[in-house]
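Below is one structure, written out as structure tokens; the observations come after it.
Both backbone and side-chain heavy atoms feed into the values below; hydrogens, waters and symmetry mates do not.
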Amino acid sequence: MAEAADFQGTSPSPARRWLRRTGALLAGTPLLAGLLQLPAAAPAGAAGPDAPQAVSGSRTVSVAVDSLTPSVLGEGDTLTVSGTVTNNGKRPVTDAHVGLRVGPELDTRSEIDSAAERSGYVPGADGPEVDGKYVAKIAKLTPGVAQPFSISVPVDKLDLGDDGVYQLAVSLSGQTSAQQWEQVLGIQRTFLPWHPDEADTRTKTTVLWPLVSTVHMTAETGPGEQQTPVFLNDDLAKEISPGGRLDQMVSQGRDLDVTWVIDPDLLASVDAMTRSYRVRTDGDTVAGTNQAVAKRWLAALQQAVAGKEVVALPFADPDLASLAHHGTSVTGSLSQLKAASDVAAVTVETVLHVTPSTDFAWPVEGAVDPSIVKVATSAGADKVIARSDSLKETGGLTYTPSAARPIGGGTTAVVADARLSTAFQGDLTNASTATLAVQKFLAQSLALNLQTGKQRSIVVAPQRMPTAEQAQAMATALTALEGAGWSQAQGLTAAAKAKPDPGATRKVPSGSAYRSALRKQQLPRSAFQQIATTQDRLQNFQQILTDESRVVTPFGRAMNREMSTSWRGRSTDASAFRQDVETHLGTLAEQVGLIPKSDTKLSGRTATIPVTVQNNLVQGVDHLVLRLTSTNSTRLKIGGNAYQERQIAVSGGHAQTVKFTTSANVNGQTTVIAQLYTEDGRPYGDRVTFDVKVTEITAAVMLVIGGGVLLLVLAGFRMYTQRKRAAAREAEGDGGPEGQGEAVGTPENREEPGDRPEKESGTDARAGDPQQPSDPAPDTAAESADPSGTGERVDR
């Protein structure tokens, strides 16, 4: 915010200016007198160099203001300040007391910042002590010992003037053995917002209440119908358990008039925990046991957001700046943002039963440049939540302008106030720092309201993931603010629609103005390249599935999580998560593939070659094409060509064998390649390569076989003629009278060799032996049960 915006737009009245000048003069008089009298006032024996210790010694004792009530003072109130004082020196502090000092009114927001940064006591600037009656006396404060105190004083004893912010200092005064005179040994400053009456013009204040967490779910799911999710760890259960960070965000925000800004991934993760889930631990997974905690938290959140404005961020809260600076040059990155935006509203409606707004984009810490704005609005949002330390005022305004202002292209920048938005950062685990943060927040809010009589709409956008202690401090401040007379609550949508201030800056800073500290935390370009690779593999895998939603949904959301803002400052964890997603997808894809084959022997002109596809997934696969290719189609053809394709569909947990018809033309060895393809022609999985050895029947063998057949024919013809001649001779012998009787022992009746078949020997002929010498032998060897050696026999 420009420094000029710290000053009021209207000049103080003459009476008020007189009162301020008089107060300054009166405050300066004791300081001047003290400076003139200090050397004389020092006790005997105090050396001159010891005089400056009146200032440096004010850090001897630390003062912690643990409680200040009420946070905003009104007429008739009693201010109660409680805390502790601790002696950090080496000597005891004696005759001490804790008192209150009301300093001058702080007219500008910069003065509040300066007062908060000062340390040590500055005579005059910290004001005199309130009536000595309202002190806490401490006789002795031992080194290293903390002692509590509590002071209550009626507000009319504080001598407060007009409405405004006043500095309140809590100081410990006492003496030590080395400096035996009363002096301020410790001091702590805070602020008193003083506004007893209703303001003529109230500031419309919008406060974002973010429900965002880190990434918790993996891409892995169980094989059953419910697809049991797997979590990286059980940290989310700790956050939503009673007292946890997210539990505090819900319980503290329930009664506040705020705009809830929610990451749908958080809702999806907690909703998954309400059912069966598993958690990774020590390289294994165990059953999750926090279903009751998840159900309780979701029920509390549903009640808290009922009737409230809810803004849904894109799923998993993508890092818009990283995407703008490193992701847009990688194909497909913007489509991931679109997918994350499309699923956001559905997720919130399903889990919380409210309809969220999806018109807002929220870059990290509200830091913007033209490329970030372009990316932020690419997925449909037309409002960008920026911050005033990024989109700075340059028009010389003397006040803080309203948050909304058009920045071109139909886009509205909703500029959150940087001072109010960062008021609760840092360690607020102890009560003192939390109390100071609350009082400073309220002081800045009142000072902003008093800048001008014009009504403005102001937005407070705190850190994305407040701690439990930060959430408690925020809730304390907002509760006090809602009861104050200068502010009224307003939703984010209304703030975005407010009339822009004509003098407010509308120019988005250049890319070179993006803070280097934020740039160093961005996701690298390699992260988006890896996401693109995973997306490409997912598209290839999902084409073959009969139920692609079982894979597309968990992996699609996992890739959204890979772009999450929560990875900033956690580059190692981010890289491990991306690798885990890619590895798991590869493992699933490898469950569908070809079973390796050994080399094959092919004897004969034609044969069939079997190829087996194995599906180890729980669901069936379809839309696959199996192609078998011969690398030498002259020697070996597949289906009459160089290759042949078959459509493949395999049920879950099954295998399918496909037989391809082959024909051999030439002897020799040929390499054959089996490869699966998707329907769009992209290779799927690893190919299987094997050799086919062709042992085709040659022409010489055919001639031998033909000769054998001819010999058989000739032998048969000779047998036929011989038998016919023998029959003729018998007929001639039977032609005379003596032929009527039986001729015995005559030469004519004796059998001649070759006249009839030889008698079989005493042993039976073996099966398979030729029945005649000219019978052909089989054209293939007898089938054997022994291993076929290095080759594989195929079906003929």
Check: Ser150/Ser82 side-chain N/O donor and acceptor closer than 3.5 Å: yes
Side chain to side chain donor-acceptor pair (under 3.5 Å) partners for Thr435, two or more places apart: none
Any idea how Trp260 and Trp209 line up, ring-wise: parallel (<30°), tilted (30 to 60°), or perpendicular (>60°)? perpendicular
When you compare the side chain of Arg419 with that of Asp113, does any pair of heavy atoms fall below 4.5 Å? yes
Taking NZ, NE, NH1 and NH2 as the nitrogens, is one of them in Asp247 or Arg296 under 4.0 Å from a carboxylate oxygen of the other? yes
Under 3.5 Å, is there a donor on one side chain and an acceptor on the other for Gln147 and Asn87? no
Short side-chain donor-acceptor distance under 3.5 Å, Thr422 and Arg387: no
Do any N or O atoms from the side chain of Thr108 and from the backbone of Glu111 form a donor-acceptor pair under 3.5 angstrom? yes
How would you list all residue pairs meeting ring-ring contact (aromatic ring centres under 6.0 Å, His included) that involve residues 450-474, not counting sequence neighbours? none
Do the side chain of Arg101 and the main chain of Ile187 share a donor and acceptor less than 3.5 angstrom apart? no
Between Thr203 and Ser487, a side-chain donor and acceptor under 3.5 Å: no
Check ion pair Arg109-Asp417 (N to O, under 4.0 angstrom): yes
Residues that Tyr514 engages under ring-ring contact (aromatic ring centres under 6.0 Å, His included), provided they are two or more places apart: His325
Side chain of Ser388, backbone of Ala418: donor and acceptor closer than 3.5 Å? yes
Any donor-acceptor pair under 3.5 Å linking the side chain of Thr201 with the backbone of Lys454? no
Is the shortest side-chain heavy-atom distance between Leu313 and Thr565 below 4.5 Å? no
Between Trp194 (side chain only) and Gly161 (backbone N and O only), is there a donor and an acceptor less than 3.5 Å apart? yes
Thr429 and Asp427 side chains, donor-acceptor separation under 3.5 Å: yes
